[in-house]
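Step one of this worksheet: look at the structure below.
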Amino acid sequence: MSKAKPPRSFFKPLAIGAPAPFRELPVNVERMIHFVPPHIEKVRAKSGDIAKKADVILANLEDAIPTDAKEAARAGALAMAKEFDFAATGTGFWARVNCLNSPWFLDDVTELVTKAGNQLDVIMLPKVEGPWDIHYADQLIAQLEAKANIKRPIMLHAILETAEGVQNVEEICLASPRMHGISLGPADLAASRAMKTTRVGGGHPFYKVIEDPHADGSARAAAQQDLWHYTVAKMVDACCTAGIKAFYGPFGDIADLDACEQQFKNAFLMGCAGAWSLHPNQIKIAKDVFSPAIDEVLFAKKILEAMPDGSGVHMIDGKMQDDATWKQAKVIVDLAKQIAAKDHDMASAYGF
Ligand SMILES: CC(C)(COP(=O)(O)OP(=O)(O)OC[C@H]1O[C@@H](n2cnc3c(N)ncnc32)[C@H](O)[C@@H]1OP(=O)(O)O)[C@@H](O)C(=O)NCCC(=O)NCCSC(=O)C[C@](C)(O)C(=O)O
Ligand SMILES: [Mg+2]
């Protein structure tokens, strides 16, 4: 039976000279995490322009990078940190390292932290299975931060992509104050669970509910259901309990923008802060979906204005409002304010 760390030790740096962990997550709008393959110079070179549109730019070193390009990708990630001032456009700079049991993980983390640690906001860790994976990466990063005299802690973001990881998601979220959030990794997770799909996220035409037979034998209506509902719900509850953020992850059918939008919308409504964009076309979708709709923000503002101290009961446009709807309104208005602070057009649309 494992024991939790005593409360007074939880926020202590794990190495002498490492920066103290954040007590609260930095407030950043992270509607999409845009994946860049850093070994392809032509694509890497566009990172500065893409950073003007995306909230987060991520250098991907793991899956989708060919084995013989792993070192070139790592070098490309370091070049991105040197060549682009992502912080100047308010864009986060993240890297997805190779997984813990791979031959590249140690060099990925060592080089990123010691050579780009002051530029790097978040390290994304794939295939996390339990809190032990976070404890190891946490300690290693602290040692490297101390060695390289990094001033600001680098956060950790885990991908939920094995059945064991899903079983342990609460402990993963609570494993360290370095935790930033969790993303759903639907492709590896599908394989790990023996789901019979060949897709990266999204629905499936076989996964649906069909209405009862009609007496006249006419065609029965059926509707596809969301294959990811259970996992997203479990992930959101675990993340919110820990005070960290949940993300959908990738949508692999690049040409199907409608299905991408729908999957992102489901994730947004269920509590996710953002999703991944694998292709430039997906950036705008995520930006629109993970920014609350203007009419929702205006209605939420009406609730807050009508109930300044958040108590009592009111009727607005025929709908009952009380302490709980006040809190829902506050979630939407707080997010809209964060987006407005970053985006002047959205600020005027939201009426701030
Ligand atoms: C899908 C691909 C191959 C289609 O790439 P393409 O070249 O065939 O597409 P295109 O439509 O022809 O591209 C149009 C233009 O956009 C550029 N472009 C295209 N993509 C990007 C990009 N990301 N960033 C910046 N620019 C990009 C591309 O270079 C081209 O520029 P050009 O007009 O000047 O020639 C390509 O978009 C790509 O490599 N995307 C990233 C893929 C990736 O990172 N996959 C791994 C994440 S998903 C995952 O790991 C799963 C998970 C979580 O682990 C799990 O569920 O288990
Ligand atoms: Mg994966």
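Counting convention: from 1, in listed order, for ligands and their atoms alike. Along the sequence shown, residues carry numbers from 1.
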| field | Parallel, tilted or perpendicular, as decided by the 30° and 60° cut-offs, for the rings of F352 and Y350 | value | perpendicular

| field | N/O separation below 3.5 Å, V200 to ligand 1 | value | no

| query | Going by the atom numbers of ligand 1, which of them fall below 4.0 Å from some non-hydrogen atom of D188? | reply | 54 (O), 55 (C), 56 (O), 57 (O)

| With a 4.0 Å cut-off, would you call D49 and K52 a salt bridge? | yes

| field | Salt-bridge present (D288, R31; N to O < 4.0 Å) | value | no

| Do D323 and K327 pass the salt bridge (charged side-chain N to carboxylate O under 4.0 Å, His left out) test, and can you show the C-alpha distance, the side-chain angles, and the key distance before you say yes or no? | CA-CA 6 Å; D323 310 50; K327 288 180 203 154; over 6 Å; no

| Q143, CD: over 12 other non-hydrogen atoms inside 6.0 angstrom | yes

| task | Can you sort out which atoms of ligand 1 are near K42, meaning under 4.0 Å from one of its heavy atoms? | result | 29 (O), 32 (P), 35 (O)

| request: Determine whether the side chain, the backbone, both or neither of I50 has a heavy atom under 4.0 Å from any heavy atom of ligand 1. | output: side chain

| request: Return yes when at least one N/O/S atom of E161 is nearer than 2.8 Å to the Mg ion (ligand 2), and no when none is. | output: yes

| field | Flag: protein heavy atom within less than 4.0 Å of atom 2 (C) of ligand 1 | value | no

| task | Taking atom 12 (O) of ligand 1 as the reference point, report whether a protein heavy atom occurs under 4.0 Å from it. | result | no

| query | Is it true that the side chains of S183 and H157 contain a donor and an acceptor less than 3.5 Å apart? | reply | yes

| Does the protein place any heavy atom closer than 4.0 Å to atom 57 (O) of ligand 1? | yes

| query | N/O to N/O below 3.5 Å, does that happen between K46 and ligand 1? | reply | yes

| query | Do L184 and ligand 1 have an N or O pair less than 3.5 Å apart? | reply | no

| said: Closer than 4.0 Å to some heavy atom of A64 - which atoms of ligand 1 meet that? | reply: 43 (C), 45 (N), 46 (C)

| Residue selection (non-hydrogen contact nearest atom 49 (C) of ligand 1) among R96, Q282, E62 | R96

| task | Anything under 30° is parallel, anything over 60° is perpendicular, the rest tilted; go ahead and classify F268 against F290. | result | perpendicular

| Which ligand 1 atoms are under 4.0 Å away from a heavy-atom of N60? | 44 (O), 46 (C)

| message | Could you work out, for atom 4 (C) of ligand 1, the closest of H279, R44, K127 by heavy-atom distance? | response | H279

| message | Any salt bridge linking E164 with K127? Criterion: basic side-chain nitrogen under 4.0 Å from a carboxylate oxygen. | response | no

| Does a side-chain N-to-carboxylate-O contact under 4.0 Å join K265 and E261? | yes

| message | Is atom 54 (O) of ligand 1 touching the protein, meaning some protein heavy atom lies under 4.0 Å away? | response | yes

| task | Examine the proximity of ligand 1 to L278 and report which part, side chain or backbone, both or neither, has a heavy atom under 4.0 Å away. | result | both

| request: Verify the neighbour count for atom CD of E296: are there more than 12 heavy atoms of other residues, nucleotides or ligands below 6.0 Å? | output: no

| For ligand 1, which atoms have a heavy atom of P186 less than 4.0 angstrom away? | 56 (O)

| query | So, K70 and D108, do they make that salt bridge, N to O below 4.0 Å? | reply | no

| Nearest-neighbour protein heavy atom for atom 19 (C) of ligand 1, which is reported as residue plus atom name and distance | P280 CD, 3.7 Å

| Just heavy atoms, cut-off under 4.0 Å: does P250 contact ligand 1 by side chain, backbone, both, or neither? | side chain

| said: Closer than 4.0 Å to some heavy atom of H34 - which atoms of ligand 1 meet that? | reply: 22 (C), 23 (N), 24 (N), 25 (C)

| query | So, for atom 6 (P) of ligand 1, does the protein have a heavy atom nearer than 4.0 Å? | reply | no

| task | Indicate yes or no: does D188 engage R193 in a salt bridge with an N to O separation below 4.0 Å. | result | no

| request: Identify whether V169 and Y230 are in the same connected component of the hydrophobic contact network (ILVMFWY, side-chain heavy atoms under 4.5 Å). | output: yes

| task | Taking only Lys NZ, Arg NE, NH1 and NH2, and the carboxylate oxygens of Asp or Glu, determine whether R220 and E211 approach each other closer than 4.0 Å. | result | no

| query | What residue and heavy atom of the protein are closest to atom 39 (O) of ligand 1, and at what distance? | reply | P37 CG, 4.1 Å

| field | Of all N/O/S atoms in D188, the name of the one nearest the Mg ion (ligand 2) | value | OD2

| task | Taking only heavy atoms of E161 into account, list the atoms of ligand 1 that are under 4.0 Å away from them. | result | 52 (C), 54 (O), 55 (C), 57 (O)

